[in-house]
Amino acid sequence: MPRWWTATTAEQRWLTDLPRLVDSWCARWCLTVDGSPRHGSNALVVPVRRAGRPAALRLAPPADDVAALSTALEFWRGHGVVAELDADPAAGALLLDRLDPDRALTGEPLAVAIPEIGRIARRLAVPAGDDVAAGVGHTTDDVATLTPLQRPVWDRLGRPFDGGVLDRAADAAAVILAGDRDPVAVNADLHFDQVLRDGDGRWCVVDPVLRRGDAERTAVNVLWHRVDEMSDREIPRWFDVLVDAAGLDAGLARAWAVWRITDYRLWGLEHGLTQDPPRCARLLDALR
């Protein structure tokens, strides 16, 4: 679910210094600028060539966790994600295979985009045992930590919605925390804007966030980014299409959806958001 970003003083200095940084990395990695730069909320991406090969120079501000991104890219090694060609995570610099920023999955109709992103989630869900445990969080960590805090937050906010919603979230948390499932790799920030075509026309993920645990965690996060295109009656159908394409456990995916939407609804109310909490209520009603 979304969070907000405000530039620090160090990040402002980084922005001012960007032209010099681009020149410096081009010299170090023998790159030639090959087009106009693009940017998202946390990085500048410059199209470049190295020995004639199209690539993308990604430069991130000091606070960005480039090491975690590089770890995720190395873990999946081009298997559904963009290929990493060179890296200096401590300096915030990555050299990536070049994708087409004008051909994102967000531009495809729901009938194409939802099954495709489900299949991508399935490809990413490879076994993730103890070999990837160091420094990589488990998907259930937040559930165990935050569930006991939900009702106190609700009380502090003046009980802004029916307490039965919290009961449903607690029941969902119990489902999520039960059992002894084998963990898989999970992209905890999978959404349509971050799935682009590569030079061969394949869909690839950029900026993956590696976690281990339940792939079912991702379903509602994916749906969230296109839910405004759906009527209330369509939401459960598209959720089921996504679950089927991703090969998820339907009951566990619903439990994750209920818990994550409720938790984000509380977070949004606590932080003064006005648009997202009603969207959360709409999603919960539709998936009831």
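Keep in mind that this is a model prediction, so the values were computed, not measured.
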Any salt bridge between [X] and [Y], counting N to O under 4.0 Å?
| X | Y | result |
| --- | --- | --- |
| Arg237 | Asp240 | no |
| Asp285 | Arg288 | yes |
| Arg58 | Asp207 | yes |
| Arg38 | Asp102 | yes |
| Arg151 | Asp167 | yes |
| Arg50 | Asp86 | yes |
| Arg98 | Asp198 | no |

Exercise. What residues join Val186 in its hydrophobic cluster, counting side-chain heavy atom gaps under 4.5 Å, either direct or through other members?
Worked result: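 Grouped by the 4.5 Å side-chain rule, Val184 form the rest of the cluster around Val186.
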With a 4.5 Å cut-off on side-chain heavy-atom distances among I, L, V, M, F, W and Y, is there a chain of contacts connecting [X] to [Y]?
| X | Y | answer |
| --- | --- | --- |
| Val175 | Val243 | no |
| Leu190 | Leu283 | yes |
| Val209 | Leu69 | no |
| Leu99 | Leu105 | yes |
| Val241 | Val112 | no |

Taking all non-hydrogen atoms of both residues into account, name the closest pair between [X] and [Y] and its distance.
| X | Y | result |
| --- | --- | --- |
| Arg282 | Val227 | NH1-O, 3.4 Å |
| Glu216 | Asp249 | OE2-N, 2.9 Å |
| Val222 | Phe192 | O-CE1, 3.3 Å |
| Thr139 | Gly213 | OG1-CA, 3.5 Å |
| Leu223 | Leu242 | N-CD2, 4.4 Å |
| Cys280 | Ile261 | O-CG2, 3.3 Å |

Using side chain to side chain contact (heavy atoms under 4.5 Å, CB included) as the criterion, list what pairs up with [X], not counting sequence neighbours.
| X | value |
| --- | --- |
| Asp142 | Leu146, Trp259 |
| Glu74 | Ser70, Glu84 |
| Asp162 | none |

Problem set entry | Parallel, tilted or perpendicular, as decided by the 30° and 60° cut-offs, for the rings of Trp154 and Phe161 |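 Because their plane-to-plane angle lies in the 30° to 60° range, the rings of Phe161 and Trp154 count as tilted.
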Problem set entry | side chain to side chain contact (heavy atoms under 4.5 Å, CB included) between Val258 and Asp171, intermediate numbers included | CA-CA 9 Å; Val258 168; Asp171 290 342; over 6 Å; no
For this session: Could you check Arg53 against Leu85 for side chain to side chain contact (heavy atoms under 4.5 Å, CB included), going step by step and ending with a plain yes or no?
Result: CA-CA 11 Å; Arg53 176 177 178 173; Leu85 308 178; 3.4 Å; yes
Exercise. Among Leu96, Asp97, Leu124, Val206, which one satisfies side-chain contact (heavy atoms from CB on, under 4.5 Å) with Val81?
Worked result: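 Option passing the side-chain contact (heavy atoms from CB on, under 4.5 Å) with Val81: Leu124.
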Exercise. For Asp23, what residues pass the salt bridge (charged side-chain N to carboxylate O under 4.0 Å, His left out) criterion, not counting sequence neighbours?
Worked result: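 If we apply the salt bridge (charged side-chain N to carboxylate O under 4.0 Å, His left out) test to Asp23, skipping adjacent residues, there are no hits.
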For this session: Taking salt bridge (charged side-chain N to carboxylate O under 4.0 Å, His left out) as the test, write out the residues that go with Glu229, two or more places apart.
Result: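 Scan of Glu229 (salt bridge (charged side-chain N to carboxylate O under 4.0 Å, His left out), adjacent residues dropped) gives Arg226.
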For this session: State whether the number of non-hydrogen atoms from other residues, nucleotides or ligands found under 6.0 Å of Asp228 atom CG is greater than 12.
Result: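 More than 12 heavy atoms, drawn from other residues, nucleotides or ligands, come within 6.0 Å of this atom.
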Exercise. Does Trp25 have Arg28 sitting over its ring (NZ/CZ under 6.0 Å from centre, angle to axis within 45°)?
Worked result: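 Not flagged: Arg28 not positioned over aromatic ring of Trp25.
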Could you tell me whether a side-chain N or O of [X] sits under 3.5 Å from a main-chain N or O of [Y], the two making a donor and an acceptor?
| X | Y | answer |
| --- | --- | --- |
| Thr140 | Val143 | no |
| His271 | Leu273 | no |
| Arg159 | Arg156 | no |
| Trp14 | Ala60 | yes |
| Arg254 | Ala172 | no |

Exercise. What's the verdict on salt bridge (charged side-chain N to carboxylate O under 4.0 Å, His left out) for Arg197 and Asp100, showing C-alpha distance, side-chain angles and the deciding distance?
Worked result: CA-CA 6 Å; Arg197 293 277 195 188; Asp100 187 344; over 6 Å; no
Exercise. What's the spacing between Ile114 CD1 and Asp244 CG if we round to 0.5 Å?
Worked result: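 Rounded to the nearest 0.5 Å, the CD1-CG separation comes to 12.5 Å.
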Problem set entry | Asn187/Thr218 under side chain to side chain contact (heavy atoms under 4.5 Å, CB included): CA gap, chis, key distance, verdict | CA-CA 7 Å; Asn187 177 7; Thr218 63; 5.6 Å; no
For this session: Applying side chain to side chain contact (heavy atoms under 4.5 Å, CB included), run through Trp267 and Val153 and close with a yes or a no.
Result: CA-CA 9 Å; Trp267 187 92; Val153 171; over 6 Å; no
